[in-house]
*Asks:* 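My structure is below; once you've seen it, I'll send some questions.
Index from 1, following the sequence.
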Amino acid sequence: MSNSAAAAVLTTSDLSEAIRAVRTLLALADIEQGEVDFEAVIRSQDVLAQIRHVLPRLEWWASAGEEHGSSKSGDDPTDCLPVKVFDWCRPVDRAEPFIAALGPDSAAVRWDLDAWPAVPEAGLEAISQKYAYLTLTVNSRDLYQDEPSQDHTVHVHVRNRNGDQIDRVHWLAGQVGGRFTGRVELAPL
(Lines give C-alpha, C1' and ligand atoms only; values in the text may rest on other atoms or scores of the structure.)
Protein backbone atom coordinates (compact mmCIF):
# COMPACT_ATOMS: atom_id res chain seq x y z
CA MET A 1 0.00 0.00 0.00
CA SER A 2 1.28 3.44 -0.84
CA ASN A 3 0.73 6.68 1.02
CA SER A 4 0.16 10.25 0.07
CA ALA A 5 0.99 13.22 2.21
CA ALA A 6 -2.15 15.18 3.09
CA ALA A 7 -1.04 18.74 3.77
CA ALA A 8 -3.39 21.09 5.62
CA VAL A 9 -3.64 24.30 3.56
CA LEU A 10 -6.68 26.03 5.10
CA THR A 11 -8.42 25.70 8.47
CA THR A 12 -11.53 27.78 9.13
CA SER A 13 -14.58 27.81 11.39
CA ASP A 14 -16.64 28.95 8.37
CA LEU A 15 -17.83 25.87 6.45
CA SER A 16 -18.88 27.97 3.45
CA GLU A 17 -15.31 29.34 3.24
CA ALA A 18 -13.94 25.78 3.29
CA ILE A 19 -16.37 24.74 0.54
CA ARG A 20 -15.38 27.76 -1.57
CA ALA A 21 -11.72 26.74 -1.18
CA VAL A 22 -12.55 23.18 -2.28
CA ARG A 23 -14.45 24.50 -5.31
CA THR A 24 -11.46 26.69 -6.23
CA LEU A 25 -9.06 23.75 -5.97
CA LEU A 26 -11.40 21.48 -7.95
CA ALA A 27 -11.49 24.13 -10.70
CA LEU A 28 -7.67 23.94 -10.85
CA ALA A 29 -7.59 20.13 -10.96
CA ASP A 30 -8.42 17.71 -13.73
CA ILE A 31 -11.63 16.04 -12.46
CA GLU A 32 -13.19 14.72 -15.66
CA GLN A 33 -13.40 11.19 -14.19
CA GLY A 34 -13.12 12.26 -10.55
CA GLU A 35 -14.88 10.47 -7.73
CA VAL A 36 -15.56 11.23 -4.10
CA ASP A 37 -15.21 9.06 -0.97
CA PHE A 38 -16.88 9.63 2.39
CA GLU A 39 -16.03 8.68 5.97
CA ALA A 40 -17.92 10.03 8.97
CA VAL A 41 -18.90 9.43 12.57
CA ILE A 42 -22.64 9.95 12.90
CA ARG A 43 -24.06 10.53 16.37
CA SER A 44 -27.71 11.51 15.86
CA GLN A 45 -30.76 9.92 14.23
CA ASP A 46 -31.59 13.15 12.35
CA VAL A 47 -28.14 13.39 10.76
CA LEU A 48 -28.17 9.67 9.96
CA ALA A 49 -31.53 10.02 8.16
CA GLN A 50 -30.21 12.95 6.12
CA ILE A 51 -26.98 11.13 5.25
CA ARG A 52 -28.87 7.99 4.20
CA HIS A 53 -31.07 10.13 1.95
CA VAL A 54 -27.96 11.47 0.17
CA LEU A 55 -26.13 8.10 0.14
CA PRO A 56 -28.70 5.30 0.43
CA ARG A 57 -26.22 2.40 0.03
CA LEU A 58 -23.99 3.61 2.80
CA GLU A 59 -21.83 1.05 4.65
CA TRP A 60 -21.63 1.50 8.41
CA TRP A 61 -20.72 -0.15 11.68
CA ALA A 62 -21.14 0.75 15.31
CA SER A 63 -18.39 2.96 16.71
CA ALA A 64 -18.17 0.49 19.58
CA GLY A 65 -17.17 -2.19 17.06
CA GLU A 66 -18.70 -4.17 14.22
CA GLU A 67 -19.93 -6.82 16.66
CA HIS A 68 -22.30 -4.14 18.08
CA GLY A 69 -24.01 -3.65 14.71
CA SER A 70 -23.25 -3.14 11.02
CA SER A 71 -24.77 -2.81 7.58
CA LYS A 72 -23.32 -6.24 6.73
CA SER A 73 -25.39 -7.80 9.52
CA GLY A 74 -28.55 -6.02 8.38
CA ASP A 75 -28.86 -4.16 11.69
CA ASP A 76 -30.74 -0.88 12.06
CA PRO A 77 -28.09 1.85 12.42
CA THR A 78 -30.39 4.02 14.55
CA ASP A 79 -30.14 1.32 17.24
CA CYS A 80 -26.32 1.41 17.10
CA LEU A 81 -25.45 5.12 17.30
CA PRO A 82 -22.82 6.46 17.13
CA VAL A 83 -21.85 4.76 13.87
CA LYS A 84 -18.95 5.05 11.46
CA VAL A 85 -20.09 5.37 7.86
CA PHE A 86 -18.23 4.80 4.62
CA ASP A 87 -19.09 5.25 0.98
CA TRP A 88 -16.66 5.10 -1.93
CA CYS A 89 -16.40 6.00 -5.60
CA ARG A 90 -19.44 8.24 -5.76
CA PRO A 91 -20.07 11.01 -8.31
CA VAL A 92 -18.48 14.33 -7.41
CA ASP A 93 -21.93 15.98 -7.20
CA ARG A 94 -22.74 13.96 -4.04
CA ALA A 95 -20.10 15.77 -1.96
CA GLU A 96 -21.89 19.01 -1.14
CA PRO A 97 -25.25 17.38 -0.26
CA PHE A 98 -23.34 15.01 2.06
CA ILE A 99 -21.53 17.93 3.72
CA ALA A 100 -24.81 19.84 4.13
CA ALA A 101 -26.39 16.80 5.83
CA LEU A 102 -23.66 16.45 8.46
CA GLY A 103 -24.77 19.09 10.93
CA PRO A 104 -22.33 18.97 13.88
CA ASP A 105 -21.00 15.48 13.09
CA SER A 106 -17.46 14.95 11.80
CA ALA A 107 -16.40 13.60 8.43
CA ALA A 108 -13.72 13.43 5.78
CA VAL A 109 -14.71 13.93 2.15
CA ARG A 110 -11.99 12.96 -0.32
CA TRP A 111 -12.00 13.83 -3.98
CA ASP A 112 -10.02 11.40 -6.15
CA LEU A 113 -8.78 13.65 -8.96
CA ASP A 114 -7.54 12.72 -12.42
CA ALA A 115 -4.48 14.96 -11.93
CA TRP A 116 -3.03 18.14 -10.54
CA PRO A 117 -2.13 19.78 -13.87
CA ALA A 118 1.22 21.34 -14.63
CA VAL A 119 1.64 24.99 -13.68
CA PRO A 120 4.59 26.06 -15.85
CA GLU A 121 4.70 29.63 -14.54
CA ALA A 122 5.19 28.22 -11.02
CA GLY A 123 7.63 25.52 -12.19
CA LEU A 124 5.21 22.69 -11.28
CA GLU A 125 4.93 19.49 -13.29
CA ALA A 126 1.67 17.55 -13.55
CA ILE A 127 0.90 15.05 -10.80
CA SER A 128 -0.85 11.88 -11.92
CA GLN A 129 -4.06 10.47 -10.52
CA LYS A 130 -2.10 8.20 -8.20
CA TYR A 131 -1.09 11.22 -6.10
CA ALA A 132 -3.86 13.75 -6.84
CA TYR A 133 -6.39 14.02 -4.01
CA LEU A 134 -8.17 16.71 -2.08
CA THR A 135 -9.79 16.16 1.33
CA LEU A 136 -12.10 18.35 3.37
CA THR A 137 -12.40 17.39 7.01
CA VAL A 138 -15.64 18.71 8.47
CA ASN A 139 -15.87 19.32 12.22
CA SER A 140 -12.53 17.55 12.57
CA ARG A 141 -8.88 18.56 12.36
CA ASP A 142 -7.68 15.19 11.06
CA LEU A 143 -8.50 12.75 8.28
CA TYR A 144 -9.86 10.09 10.64
CA GLN A 145 -12.23 12.11 12.87
CA ASP A 146 -10.00 11.48 15.91
CA GLU A 147 -9.72 15.23 16.66
CA PRO A 148 -13.28 16.64 16.63
CA SER A 149 -13.33 20.42 16.41
CA GLN A 150 -15.56 23.34 15.52
CA ASP A 151 -13.55 24.01 12.38
CA HIS A 152 -12.93 22.49 8.99
CA THR A 153 -9.65 21.80 7.21
CA VAL A 154 -8.81 21.55 3.51
CA HIS A 155 -5.97 19.11 2.79
CA VAL A 156 -4.19 18.68 -0.54
CA HIS A 157 -2.48 15.36 -1.19
CA VAL A 158 0.83 15.05 -2.97
CA ARG A 159 3.58 12.50 -3.33
CA ASN A 160 5.30 11.71 -0.09
CA ARG A 161 8.81 11.43 -1.45
CA ASN A 162 11.68 13.66 -0.40
CA GLY A 163 9.36 16.65 -0.02
CA ASP A 164 9.52 17.11 -3.79
CA GLN A 165 6.00 18.49 -3.97
CA ILE A 166 6.17 21.11 -1.23
CA ASP A 167 6.16 23.90 -3.83
CA ARG A 168 2.80 22.61 -5.11
CA VAL A 169 1.37 22.58 -1.59
CA HIS A 170 2.41 26.21 -1.08
CA TRP A 171 1.05 27.17 -4.50
CA LEU A 172 -2.33 25.48 -3.90
CA ALA A 173 -2.59 27.06 -0.43
CA GLY A 174 -2.01 30.45 -2.01
CA GLN A 175 -4.84 29.88 -4.50
CA VAL A 176 -7.36 29.63 -1.63
CA GLY A 177 -5.97 32.32 0.64
CA GLY A 178 -4.51 29.74 3.00
CA ARG A 179 -1.02 28.80 3.94
CA PHE A 180 0.80 25.56 4.53
CA THR A 181 1.59 25.33 8.23
CA GLY A 182 3.67 22.18 7.98
CA ARG A 183 0.88 19.95 9.29
CA VAL A 184 0.87 16.72 7.22
CA GLU A 185 -0.87 13.39 7.75
CA LEU A 186 -0.04 10.20 5.90
CA ALA A 187 -3.06 8.88 4.10
CA PRO A 188 -3.18 5.29 2.84
CA LEU A 189 -4.33 5.03 -0.77
*Asks:* For residues 27-54, which residue pairs qualify under side-chain hydrogen bond (donor to acceptor under 3.5 Å, both in side chains), counting only residues two or more places apart or in two chains?
*Replies:*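 Sorted result for residues 27-54: Asp37-Arg110.
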*Asks:* Can you tell me which residue pairs pass the side-chain hydrogen bond (donor to acceptor under 3.5 Å, both in side chains) test with a partner in residues 137-149, sequence neighbours excluded?
*Replies:* Thr137-His155, Ser140-Asp142, Arg141-Asp151, Ser149-Asp151
*Asks:* In chain order, what residues pass the side chain to side chain contact (heavy atoms under 4.5 Å, CB included) check against Pro148, with sequence neighbours excluded?
*Replies:* none
*Asks:* What residues, two or more places apart in sequence or in another chain, satisfy side chain to side chain contact (heavy atoms under 4.5 Å, CB included) together with Ala126?
*Replies:* Ala118
*Asks:* State which residues pass ring-ring contact (aromatic ring centres under 6.0 Å, His included) with Trp111; sequence neighbours excluded, sorted by chain then number.
*Replies:* none
*Asks:* Enumerate donor-acceptor pairs with a distance under 3.5 Å from any side-chain N or O in residues 69-80 to protein atoms, sequence neighbours excluded.
*Replies:*
unit_1, atom_1, unit_2, atom_2, d
Ser70, OG, Lys72, N, 3.4
Ser70, OG, Ser73, N, 3.2
Ser70, OG, Ser73, OG, 3.2
Ser71, OG, Trp60, N, 3.1
Ser71, OG, Trp60, O, 3.3
Asp75, OD2, Ser70, N, 3.0
Asp76, OD1, Thr78, N, 3.0
Asp76, OD1, Thr78, OG1, 2.7
Asp76, OD2, Thr78, OG1, 3.0

*Asks:* Among Ile, Leu, Val, Met, Phe, Trp and Tyr joined by side-chain contacts under 4.5 Å, find the other residues sharing a cluster with Val41 and list them by chain and number.
*Replies:* none
*Asks:* Sequence neighbours left out, what pairs pass salt bridge (Lys or Arg N to Asp or Glu O under 4.0 Å) with at least one residue falling in residues 10-28?
*Replies:* Arg23-Glu96
*Asks:* Under the rule for side chain to side chain contact (heavy atoms under 4.5 Å, CB included), what residues qualify as partners of Ala100, not counting sequence neighbours?
*Replies:*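 Side chain to side chain contact (heavy atoms under 4.5 Å, CB included) check on Ala100 returns nothing, list empty.
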*Asks:* Using the test salt bridge (Lys or Arg N to Asp or Glu O under 4.0 Å), find all partners of Arg179 that sit at least two apart in sequence or belong to another chain.
*Replies:* none
*Asks:* Give every residue pair that meets the ring-ring contact (aromatic ring centres under 6.0 Å, His included) criterion with at least one member in residues 8-49, sequence neighbours excluded.
*Replies:*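 Qualifying pairs, neighbours excluded: Phe38-Phe98.
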*Asks:* Go through the structure and list residues passing ring-ring contact (aromatic ring centres under 6.0 Å, His included) with His170, not counting sequence neighbours.
*Replies:*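 His170 satisfies ring-ring contact (aromatic ring centres under 6.0 Å, His included) with Phe180 once adjacent residues are dropped.
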